[in-house]
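The chains referred to below are lettered A, B, ... by the order of the sequence lines, with proteins before strands, and numbering in each begins at 1. Only this structure's heavy atoms are used, side chains among them; waters, hydrogens and symmetry mates stay out.
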Protein chains: 2
Amino acid sequence: MKKYMEVALELARYGKEIGEVPVGALVVKEGVIIAKAHNEVEITNNPVAHAEMLAIQRAAIYLKNWRLHDCTLYVTLEPCIMCMGAILNARITKLVYGSGDNSKGAVESQTDLFRSPLFQNIEIYPGILEEESKKLLKNFFYNLRE
Amino acid sequence: MKKYMEVALELARYGKEIGEVPVGALVVKEGVIIAKAHNEVEITNNPVAHAEMLAIQRAAIYLKNWRLHDCTLYVTLEPCIMCMGAILNARITKLVYGSGDNSKGAVESQTDLFRSPLFQNIEIYPGILEEESKKLLKNFFYNLRE
(Lines give C-alpha, C1' and ligand atoms only; values in the text may rest on other atoms or scores of the structure.)
Protein backbone atom coordinates (compact mmCIF):
# COMPACT_ATOMS: atom_id res chain seq x y z
CA MET A 1 0.00 0.00 0.00
CA LYS A 2 2.88 2.38 0.79
CA LYS A 3 4.20 2.13 -2.76
CA TYR A 4 0.98 3.51 -4.22
CA MET A 5 0.60 6.10 -1.49
CA GLU A 6 4.08 7.42 -2.37
CA VAL A 7 2.79 8.09 -5.90
CA ALA A 8 -0.32 9.82 -4.49
CA LEU A 9 1.95 11.99 -2.31
CA GLU A 10 3.97 12.97 -5.40
CA LEU A 11 0.74 14.10 -7.06
CA ALA A 12 -0.20 16.06 -3.93
CA ARG A 13 3.21 17.80 -3.99
CA TYR A 14 2.72 18.78 -7.62
CA GLY A 15 -0.75 20.13 -6.77
CA LYS A 16 0.79 22.25 -4.04
CA GLU A 17 3.30 23.75 -6.47
CA ILE A 18 0.46 25.07 -8.64
CA GLY A 19 -1.51 26.49 -5.70
CA GLU A 20 -3.96 23.69 -4.96
CA VAL A 21 -4.66 22.15 -1.55
CA PRO A 22 -2.09 19.31 -1.66
CA VAL A 23 -4.13 16.16 -2.07
CA GLY A 24 -3.29 13.36 -4.49
CA ALA A 25 -5.30 10.30 -5.52
CA LEU A 26 -4.99 7.20 -7.69
CA VAL A 27 -7.16 4.34 -8.79
CA VAL A 28 -5.48 0.93 -8.89
CA LYS A 29 -6.92 -2.17 -10.54
CA GLU A 30 -5.15 -5.55 -10.48
CA GLY A 31 -1.89 -3.89 -9.43
CA VAL A 32 -1.97 -1.30 -12.22
CA ILE A 33 -2.45 2.45 -11.69
CA ILE A 34 -5.27 3.28 -14.10
CA ALA A 35 -5.88 6.91 -13.06
CA LYS A 36 -4.02 9.71 -11.25
CA ALA A 37 -5.11 13.15 -10.07
CA HIS A 38 -4.42 16.04 -7.74
CA ASN A 39 -6.88 18.72 -6.65
CA GLU A 40 -7.88 21.15 -9.43
CA VAL A 41 -10.51 23.29 -7.68
CA GLU A 42 -8.61 26.57 -7.99
CA ILE A 43 -7.10 26.22 -11.45
CA THR A 44 -10.37 25.08 -13.02
CA ASN A 45 -12.75 27.06 -10.72
CA ASN A 46 -14.66 23.83 -10.19
CA PRO A 47 -16.02 23.12 -6.70
CA VAL A 48 -16.14 19.38 -7.32
CA ALA A 49 -12.62 18.98 -8.76
CA HIS A 50 -11.19 17.13 -5.75
CA ALA A 51 -8.38 14.65 -6.48
CA GLU A 52 -10.65 11.67 -5.74
CA MET A 53 -13.42 12.88 -8.06
CA LEU A 54 -10.99 13.40 -10.92
CA ALA A 55 -9.25 10.05 -10.39
CA ILE A 56 -12.61 8.25 -10.33
CA GLN A 57 -13.76 9.94 -13.54
CA ARG A 58 -10.44 9.21 -15.28
CA ALA A 59 -10.64 5.56 -14.20
CA ALA A 60 -14.16 5.32 -15.67
CA ILE A 61 -12.89 6.76 -18.95
CA TYR A 62 -9.98 4.27 -18.95
CA LEU A 63 -12.26 1.28 -18.24
CA LYS A 64 -15.07 2.61 -20.46
CA ASN A 65 -17.35 1.72 -17.57
CA TRP A 66 -18.73 3.88 -14.76
CA ARG A 67 -18.78 0.89 -12.42
CA LEU A 68 -15.27 0.63 -10.96
CA HIS A 69 -15.58 -2.90 -9.63
CA ASP A 70 -12.42 -4.38 -8.02
CA CYS A 71 -10.74 -0.99 -7.92
CA THR A 72 -8.87 0.58 -5.01
CA LEU A 73 -8.81 4.33 -4.45
CA TYR A 74 -5.66 5.69 -2.78
CA VAL A 75 -5.87 9.25 -1.48
CA THR A 76 -3.51 11.19 0.76
CA LEU A 77 -6.31 12.79 2.85
CA GLU A 78 -9.51 11.42 4.40
CA PRO A 79 -12.26 11.99 1.79
CA CYS A 80 -15.01 14.57 2.27
CA ILE A 81 -18.75 13.77 2.07
CA MET A 82 -18.87 14.37 -1.70
CA CYS A 83 -15.92 12.09 -2.41
CA MET A 84 -17.26 9.35 -0.13
CA GLY A 85 -20.51 9.53 -2.08
CA ALA A 86 -18.64 9.27 -5.38
CA ILE A 87 -16.70 6.25 -4.05
CA LEU A 88 -20.04 4.61 -3.27
CA ASN A 89 -21.67 5.56 -6.58
CA ALA A 90 -18.68 4.28 -8.57
CA ARG A 91 -18.70 0.92 -6.70
CA ILE A 92 -15.09 1.36 -5.46
CA THR A 93 -14.19 -1.78 -3.50
CA LYS A 94 -11.33 -0.57 -1.32
CA LEU A 95 -10.34 2.85 0.06
CA VAL A 96 -6.83 3.57 1.36
CA TYR A 97 -6.08 7.01 2.79
CA GLY A 98 -3.30 8.90 4.54
CA SER A 99 -4.08 11.50 7.17
CA GLY A 100 -7.45 12.20 8.76
CA ASP A 101 -9.18 15.53 8.07
CA ASN A 102 -10.61 17.09 11.22
CA SER A 103 -12.54 19.77 9.36
CA LYS A 104 -14.20 17.86 6.52
CA GLY A 105 -13.32 14.16 6.81
CA ALA A 106 -16.39 12.04 6.20
CA VAL A 107 -15.09 8.55 6.97
CA GLU A 108 -14.85 9.13 10.70
CA SER A 109 -13.75 12.69 11.55
CA GLN A 110 -16.78 14.94 10.88
CA THR A 111 -19.36 12.34 9.93
CA ASP A 112 -19.05 8.60 10.33
CA LEU A 113 -20.29 7.51 6.95
CA PHE A 114 -18.24 4.33 7.17
CA ARG A 115 -20.76 3.14 9.75
CA SER A 116 -23.67 3.65 7.33
CA PRO A 117 -25.14 0.41 5.93
CA LEU A 118 -24.60 1.91 2.46
CA PHE A 119 -20.84 1.48 2.95
CA GLN A 120 -20.81 -2.04 4.30
CA ASN A 121 -19.21 -3.51 1.16
CA ILE A 122 -16.13 -1.25 1.18
CA GLU A 123 -12.85 -2.08 2.91
CA ILE A 124 -11.24 1.02 4.44
CA TYR A 125 -7.56 1.39 5.41
CA PRO A 126 -6.74 4.72 7.09
CA GLY A 127 -3.37 6.13 8.22
CA ILE A 128 -1.10 4.95 5.38
CA LEU A 129 1.91 7.35 5.25
CA GLU A 130 -0.16 9.61 7.48
CA GLU A 131 2.70 11.79 8.70
CA GLU A 132 3.95 12.68 5.21
CA SER A 133 0.49 13.80 4.15
CA LYS A 134 -0.07 15.80 7.35
CA LYS A 135 3.28 17.58 6.98
CA LEU A 136 2.50 18.52 3.39
CA LEU A 137 -0.90 19.99 4.32
CA LYS A 138 0.46 21.76 7.39
CA ASN A 139 3.20 23.47 5.35
CA PHE A 140 0.67 24.48 2.70
CA PHE A 141 -1.74 26.13 5.12
CA TYR A 142 1.13 27.67 7.12
CA ASN A 143 2.50 29.31 3.96
CA LEU A 144 -0.98 30.61 3.04
CA ARG A 145 -1.09 32.51 6.33
CA GLU A 146 2.33 34.11 5.79
CA MET B 1 -40.61 27.35 -6.00
CA LYS B 2 -43.04 25.35 -8.15
CA LYS B 3 -42.18 27.40 -11.23
CA TYR B 4 -38.53 26.36 -11.08
CA MET B 5 -39.36 22.78 -10.16
CA GLU B 6 -41.49 22.56 -13.32
CA VAL B 7 -38.37 23.39 -15.35
CA ALA B 8 -36.37 20.77 -13.44
CA LEU B 9 -39.10 18.20 -14.20
CA GLU B 10 -38.88 19.08 -17.91
CA LEU B 11 -35.13 18.34 -17.76
CA ALA B 12 -35.82 15.05 -15.97
CA ARG B 13 -38.30 14.06 -18.70
CA TYR B 14 -35.73 14.80 -21.38
CA GLY B 15 -33.16 12.71 -19.49
CA LYS B 16 -35.63 9.83 -19.43
CA GLU B 17 -36.09 10.01 -23.20
CA ILE B 18 -32.36 9.42 -23.72
CA GLY B 19 -32.19 6.52 -21.24
CA GLU B 20 -31.02 8.28 -18.07
CA VAL B 21 -32.59 7.95 -14.62
CA PRO B 22 -35.07 10.88 -14.83
CA VAL B 23 -33.64 13.52 -12.53
CA GLY B 24 -33.39 17.22 -13.39
CA ALA B 25 -31.64 20.06 -11.57
CA LEU B 26 -31.17 23.81 -11.83
CA VAL B 27 -29.20 26.49 -10.07
CA VAL B 28 -31.04 29.79 -9.51
CA LYS B 29 -29.41 33.03 -8.42
CA GLU B 30 -31.40 36.23 -7.84
CA GLY B 31 -34.39 34.79 -9.68
CA VAL B 32 -32.38 33.79 -12.76
CA ILE B 33 -31.73 30.18 -13.85
CA ILE B 34 -27.95 30.14 -14.32
CA ALA B 35 -27.48 26.38 -14.92
CA LYS B 36 -29.59 23.40 -15.99
CA ALA B 37 -28.83 19.67 -16.14
CA HIS B 38 -30.26 16.18 -16.25
CA ASN B 39 -28.44 12.95 -15.34
CA GLU B 40 -25.71 11.96 -17.81
CA VAL B 41 -24.22 8.87 -16.11
CA GLU B 42 -25.11 6.44 -18.89
CA ILE B 43 -24.46 8.56 -21.96
CA THR B 44 -21.07 9.77 -20.69
CA ASN B 45 -20.14 6.63 -18.69
CA ASN B 46 -19.37 8.92 -15.78
CA PRO B 47 -20.31 7.74 -12.26
CA VAL B 48 -20.41 11.30 -10.92
CA ALA B 49 -22.55 12.84 -13.70
CA HIS B 50 -25.68 13.28 -11.58
CA ALA B 51 -27.93 16.21 -12.51
CA GLU B 52 -26.97 18.15 -9.37
CA MET B 53 -23.22 17.72 -10.00
CA LEU B 54 -23.52 18.95 -13.56
CA ALA B 55 -25.76 21.90 -12.63
CA ILE B 56 -23.31 22.94 -9.88
CA GLN B 57 -20.33 22.77 -12.23
CA ARG B 58 -22.17 24.71 -14.96
CA ALA B 59 -23.17 27.37 -12.43
CA ALA B 60 -19.50 27.72 -11.36
CA ILE B 61 -18.49 28.17 -15.00
CA TYR B 62 -21.24 30.79 -15.49
CA LEU B 63 -20.25 32.73 -12.37
CA LYS B 64 -16.50 32.17 -12.93
CA ASN B 65 -16.38 31.26 -9.25
CA TRP B 66 -16.50 27.88 -7.53
CA ARG B 67 -18.23 29.43 -4.52
CA LEU B 68 -21.94 29.51 -5.36
CA HIS B 69 -22.98 31.95 -2.65
CA ASP B 70 -26.68 32.98 -2.61
CA CYS B 71 -27.58 30.22 -5.03
CA THR B 72 -30.50 27.80 -4.78
CA LEU B 73 -30.29 24.26 -6.15
CA TYR B 74 -33.59 22.79 -7.38
CA VAL B 75 -33.60 19.04 -7.99
CA THR B 76 -36.49 16.67 -8.65
CA LEU B 77 -35.13 13.90 -6.37
CA GLU B 78 -33.59 13.90 -2.88
CA PRO B 79 -29.81 14.17 -3.41
CA CYS B 80 -27.44 11.27 -2.72
CA ILE B 81 -24.40 11.51 -0.42
CA MET B 82 -22.10 12.69 -3.23
CA CYS B 83 -24.46 15.46 -4.31
CA MET B 84 -25.06 16.61 -0.73
CA GLY B 85 -21.27 16.84 -0.35
CA ALA B 86 -21.01 18.87 -3.56
CA ILE B 87 -23.79 21.20 -2.34
CA LEU B 88 -21.75 21.77 0.81
CA ASN B 89 -18.43 22.22 -1.00
CA ALA B 90 -19.96 24.70 -3.45
CA ARG B 91 -21.50 26.78 -0.63
CA ILE B 92 -25.06 26.38 -1.96
CA THR B 93 -27.36 28.36 0.32
CA LYS B 94 -30.73 26.73 -0.33
CA LEU B 95 -31.79 23.26 -1.49
CA VAL B 96 -35.27 22.56 -2.89
CA TYR B 97 -36.15 19.01 -3.89
CA GLY B 98 -39.11 16.96 -5.11
CA SER B 99 -39.55 13.38 -4.03
CA GLY B 100 -37.59 11.53 -1.37
CA ASP B 101 -35.28 8.66 -2.41
CA ASN B 102 -35.65 5.65 -0.14
CA SER B 103 -32.63 3.84 -1.57
CA LYS B 104 -29.96 6.58 -1.73
CA GLY B 105 -31.41 9.81 -0.34
CA ALA B 106 -28.89 11.49 1.93
CA VAL B 107 -30.90 14.38 3.32
CA GLU B 108 -33.09 12.21 5.51
CA SER B 109 -33.93 8.87 3.85
CA GLN B 110 -30.74 6.76 4.05
CA THR B 111 -28.50 9.07 6.04
CA ASP B 112 -29.55 12.21 7.85
CA LEU B 113 -26.82 14.53 6.69
CA PHE B 114 -29.09 17.53 7.16
CA ARG B 115 -28.65 17.00 10.90
CA SER B 116 -24.85 17.22 10.63
CA PRO B 117 -23.37 20.49 11.96
CA LEU B 118 -21.63 20.83 8.57
CA PHE B 119 -25.04 21.55 7.01
CA GLN B 120 -26.34 24.06 9.52
CA ASN B 121 -26.12 26.99 7.12
CA ILE B 122 -28.31 25.48 4.39
CA GLU B 123 -32.08 25.89 4.13
CA ILE B 124 -33.77 22.73 2.88
CA TYR B 125 -37.27 22.51 1.31
CA PRO B 126 -38.37 18.93 0.49
CA GLY B 127 -41.53 17.72 -1.25
CA ILE B 128 -41.99 20.39 -3.96
CA LEU B 129 -43.99 18.79 -6.83
CA GLU B 130 -43.20 15.48 -5.15
CA GLU B 131 -45.91 13.45 -6.91
CA GLU B 132 -44.83 14.45 -10.43
CA SER B 133 -41.24 13.44 -9.73
CA LYS B 134 -42.27 10.13 -8.12
CA LYS B 135 -44.53 9.26 -11.06
CA LEU B 136 -41.74 9.95 -13.55
CA LEU B 137 -39.27 7.72 -11.67
CA LYS B 138 -41.82 4.96 -11.12
CA ASN B 139 -42.66 4.82 -14.85
CA PHE B 140 -38.95 4.76 -15.73
CA PHE B 141 -38.09 1.85 -13.47
CA TYR B 142 -41.31 0.02 -14.39
CA ASN B 143 -40.40 0.24 -18.08
CA LEU B 144 -36.86 -1.00 -17.37
CA ARG B 145 -38.31 -4.19 -15.91
CA GLU B 146 -40.54 -4.83 -18.93
Item to check | Residue among B:Ala60, B:Ala90, B:Ala86 with most heavy-atom pairs under 4.5 Å to chain A | outcome: B:Ala86
Checklist outcome for this item: Checked A:Ile87, A:Asn65, A:Thr111 vs chain B; the most non-hydrogen pairs under 4.5 Å come from A:Asn65
Checklist entry - Do A:Val28 and A:Leu77 share a hydrophobic cluster, counting only Ile, Leu, Val, Met, Phe, Trp and Tyr and linking them when any side-chain heavy atoms are less than 4.5 Å apart? => result no
Next on the checklist: Between A:Lys104 and B:Leu88, is the side chain to side chain contact (heavy atoms under 4.5 Å, CB included) condition met? List the steps.
Outcome noted: CA-CA 10 Å; A:Lys104 291 179 188 164; B:Leu88 184 71; over 6 Å; no
Next on the checklist: Below 4.5 Å, heavy-atom pairs only: which of A:Thr44, A:Val48, A:Leu113 has the largest tally toward chain B?
Outcome noted: A:Val48
Next on the checklist: Tell me whether A:Glu30 at atom CD has more than 12 heavy atoms from other residues, nucleotides or ligands lying less than 6.0 Å away.
Outcome noted: no
Item to check | Single-linkage hydrophobic cluster A:Val23~A:Tyr74, side-chain heavy atoms < 4.5 angstrom | outcome: no
Checklist entry - Quick one: of A:Lys64, A:Gln57, A:Arg67, A:Met84, who has the most non-hydrogen atom pairs under 4.5 Å with chain B? => result A:Gln57
Item to check | Steps toward side chain to side chain contact (heavy atoms under 4.5 Å, CB included) verdict (B:Asn45, A:Trp66) | outcome: CA-CA 5 Å; B:Asn45 237 334; A:Trp66 64 261; 3.4 Å; yes
Checklist entry - How far apart are the C-alpha atoms of A:Leu118 and B:Ile81, what are their side-chain angles, what is the distance that settles it, and do they pass the side chain to side chain contact (heavy atoms under 4.5 Å, CB included) test? => result CA-CA 10 Å; A:Leu118 292 171; B:Ile81 292 173; 3.8 Å; yes
Next on the checklist: Would a single hydrophobic cluster contain both B:Val21 and B:Leu11, if residues Ile, Leu, Val, Met, Phe, Trp and Tyr are joined by side-chain heavy-atom contacts under 4.5 Å?
Outcome noted: no
Item to check | Under 4.5 Å from any heavy atom of chain B - which part of A:Val41 | outcome: both
Checklist entry - Is there a path of hydrophobic side-chain contacts, each under 4.5 Å between heavy atoms of I, L, V, M, F, W or Y residues, that connects A:Val96 with A:Tyr4? => result yes
Checklist entry - Is it true that atom NZ of B:Lys16 has more than 12 heavy atoms of other residues, nucleotides or ligands lying nearer than 6.0 Å? => result yes
